Amino acid sequence: MTRTFHAGARFSTPTSQIAEALEQVSIPTLLLTMVHITGDPAFIRDFAQAGLFLNEVQGFMSEEDKARARAAALPAIVEFRDRGCPTPPPLPPALLKEMLDWAAAEPVDDDNMALVLEELDLDGADPRRPAALDPSRAEKFRVIVIGCGESGVLAGLRLRQAGVSFEIIEKNGGPGGTWWENTYPGARVDVANHLYCYSFEPSNHWRHFFAEQPELAAYFDDVMNRHELHSHTRWNTEVLAATWDESTAMWAVTVRSGAGTETLYAHAIISAVGQLNRPNMPDFPGQATFSGPSFHSSAWDHSVDLSGKRVALIGAGASGFQIAPAIADTVDRLDIFQRTAQWMFPNPAYHDAVPDGVRWAMEHLPYYARWYRFLLMWPGADKGLDAARVDPGYTDQDGGTDYAVSEVNALARMMFTDWITTQVGDDPALLEKVLPDYPATGKRTLQDNGSWLSTLRRRNVNLIRTPVREVTPRGVVTEDGLAFDTDVIVYATGFRATEVLTPMTVTGRDAADLHTEWGTRPFAYLGITVPKFPNFFMIYGPGTHLAHGGSLIMHSELEMRYINACIERLVSTGARSMEPLAGPTEAWHRRTQEKIKQTVWAHPSVKHSYFKNPDGEIHTVSPWRLCEYRAALQDPDWSHFHLVEEA
Ligand code: NAP
């Protein structure tokens, strides 16, 4: 598998085949590529994108313009091929800026520039890669990484690059975390894959624009192999507890595996446990009495054959939304119990395979894949925050207090409502059930290509919005007393996302217990470190969940770079430990809370949401623009830390 994502792989593809590929590619991306290949800015100056929008990679260009662009590109690509596909020289900064502005269909501001250039990584330098540390010191510094999902794999490979000793402890039998565990029918990512992958392992070979679970699991395994991480990893081993020993300045980590329980020791811990893996099982009266098979979506029981069965699907958030269309034509009857209707974002290409021509372009046209990533990133990242921010001056124009929180948010509501109404407007009873009663983007907005609503229209599918009262041996009973006899119950009821790092016990300095310190309000300085917990770092910690867009992998990369800098500090100074000071930590938490309260996620009409703790407060989600968060992490402020020097 080649990964020539920067300069492209040399090719001898016949002209007719190149022409076929150009019929399938993203034309704005092609034009940007052509500037690299030819050095001629005319490729962008002679064409204009009409705009850039999430999931629209053709820039709303007319068919006529697209044809003109292909006609201009083809001879230049042929000429490039015949010259032997030389690596294009770097572009002058002013032209690069022009290209960025053109690609974004608006000026790329200074705040975003550093993040964008890092993500584009046009020179292939992997700017977030840590420097190799002095081996005589680094090899003696031992780190335990807890979890081997996207952030644990990342932590491992970055520690390896730095030359630090480490071991990854993973409760599952292989890498991928979410993408290892969630094997339910229809499981796929809902962030476009050419963005949802490491910036330095861009994987141009995705078969789907939004890959299914097996392809994602294979991607993480592939990265593990390429970076030789398997030998650093203990599978099927769960961390039960971690305790800081001040006398040795080491963490004692209790792990349990098939071989029993043992204690491992490390100078530092990186928690990479994710927020979405401890199942949230409801506790309905009679739940245990059900006579048939029942299981949570993340622990799918593949031994249960659903064909011809009556299935009750309890919960229809991101997982249920994918499960129902995937099983509806197999089962005899599908009863979906949905407590809250979901907003969905139109994405007609959600299930589409990546055409061969696009895969060819990714592999061969210089920087095509990089610019394609940009076209996904720019509208898919901080733009979502605009629709999520409450405008205090906004007065509802239409539907009462739950209508919208700003003009942009009202526009999103209109667009989403249109999308739903166009599909089920002729069925007023169904329309009423599927239209949410809270502002758009108030909960995680789901990607939709129409499969959800067309599933709901099937004769064998029934959407029930009345709350569940109890479960009996025969099935599910709703609060109005209606009984739904069923053969199988699937709980797609999500995860205990607000209970960060449970069920581990983490005991820091002076016997401080992390969960006691947090209560129901988990916090961390920059989402990464906590006072009283020396040398304890988190990726995807409190206040870092992305609800507005972007890719969690991007966040993880930024956080891991920061953690690398902390470890470098410890290793190079020979310090025993570091922990953040209370003042800066409280200030960060306070500022984060002020911001989060001004978002639609905190809106009171959003009654149930995995963002909210039992008090209705939000402590796990980031309210920051990606570039703001990057800037906060860019240069660690060591004055915000207590560094204990070697005695
Ligand atoms: P979720 O979005 O939290 O949805 C859980 C569903 O269960 C909701 O419909 C929820 O209703 C319902 N529910 C929970 N407790 C209930 C109870 N006691 N009674 C009745 N209904 C109950 O969880 P998820 O679907 O597993 O997804 C979680 C997150 O995982 C997603 O937001 C996403 O970040 C990630 N995910 C991503 C993908 C993807 O990339 N495509 C796929 C799956 C998951 P309410 O809405 O009323 O709370």
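Counting from 1, the numbers follow the sequence of the chain as shown. Remember, predicted model here, so these are calculated numbers, not experimental data. In what follows, every heavy atom counts, from backbone to side chain, and hydrogens, waters and symmetry copies are set aside.
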Closer than 4.0 angstrom, basic N to acidic O: yes or no for [X] and [Y]?
| X | Y | answer |
| --- | --- | --- |
| D352 | R207 | no |
| E118 | R561 | yes |
| R591 | E594 | no |
| E557 | R129 | no |
| R370 | E119 | no |
| K383 | E106 | yes |
| D190 | R444 | yes |

(message) Suppose we call two aromatic rings close when their centres sit under 6.0 Å apart. Are H619 and H589 close by that rule?
(response)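 Centroid distance H619-H589: below 6.0 Å, so yes.
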(message) Please tell me whether Y629 and H555 form a close aromatic pair, meaning their ring centres lie under 6.0 Å apart.
(response)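 That pair passes the under 6.0 Å test.
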(request) Tell me, with the steps shown, if F11 and I18 meet side chain to side chain contact (heavy atoms under 4.5 Å, CB included). (result) CA-CA 10 Å; F11 59 90; I18 299 173; 4.0 Å; yes
(message) Regarding Q161 and R158, do their side chains bring together a donor and an acceptor under 3.5 Å, going by distance alone?
(response)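 Present: a donor and an acceptor within the cut-off.
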(request) Could you check H640 against W588 for side chain to side chain donor-acceptor pair (under 3.5 Å), going step by step and ending with a plain yes or no? (result) CA-CA 11 Å; H640 287 179; W588 174 259; over 6 Å; no
(request) Please name the pair of heavy atoms, one in P28 and one in L375, separated by the smallest distance, quoted to 0.1 Å. (result)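 Reported closest heavy-atom pair: CB-CD1, 4.0 Å.
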(message) Consider side-chain contact (heavy atoms from CB on, under 4.5 Å). Of L552, I270, I528, V145, which one does I539 pass it with?
(response)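 Exactly one option meets the side-chain contact (heavy atoms from CB on, under 4.5 Å) with I539, and it is I270.
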(request) Tell me, with the steps shown, if Y184 and Q322 meet side chain to side chain donor-acceptor pair (under 3.5 Å). (result) CA-CA 9 Å; Y184 61 76; Q322 295 180 332; 2.5 Å; yes
(request) Kindly compute the distance separating CG (L31) from CZ (R45), expressed to the nearest 0.5 Å. (result)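 It is 13.5 Å, given to the nearest 0.5 Å.
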(request) Any chance you could measure S271, atom OG, to I146, atom CD1, to the nearest 0.5 Å? (result)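 S271 OG to I146 CD1: 5.5 Å, rounded to 0.5 Å.
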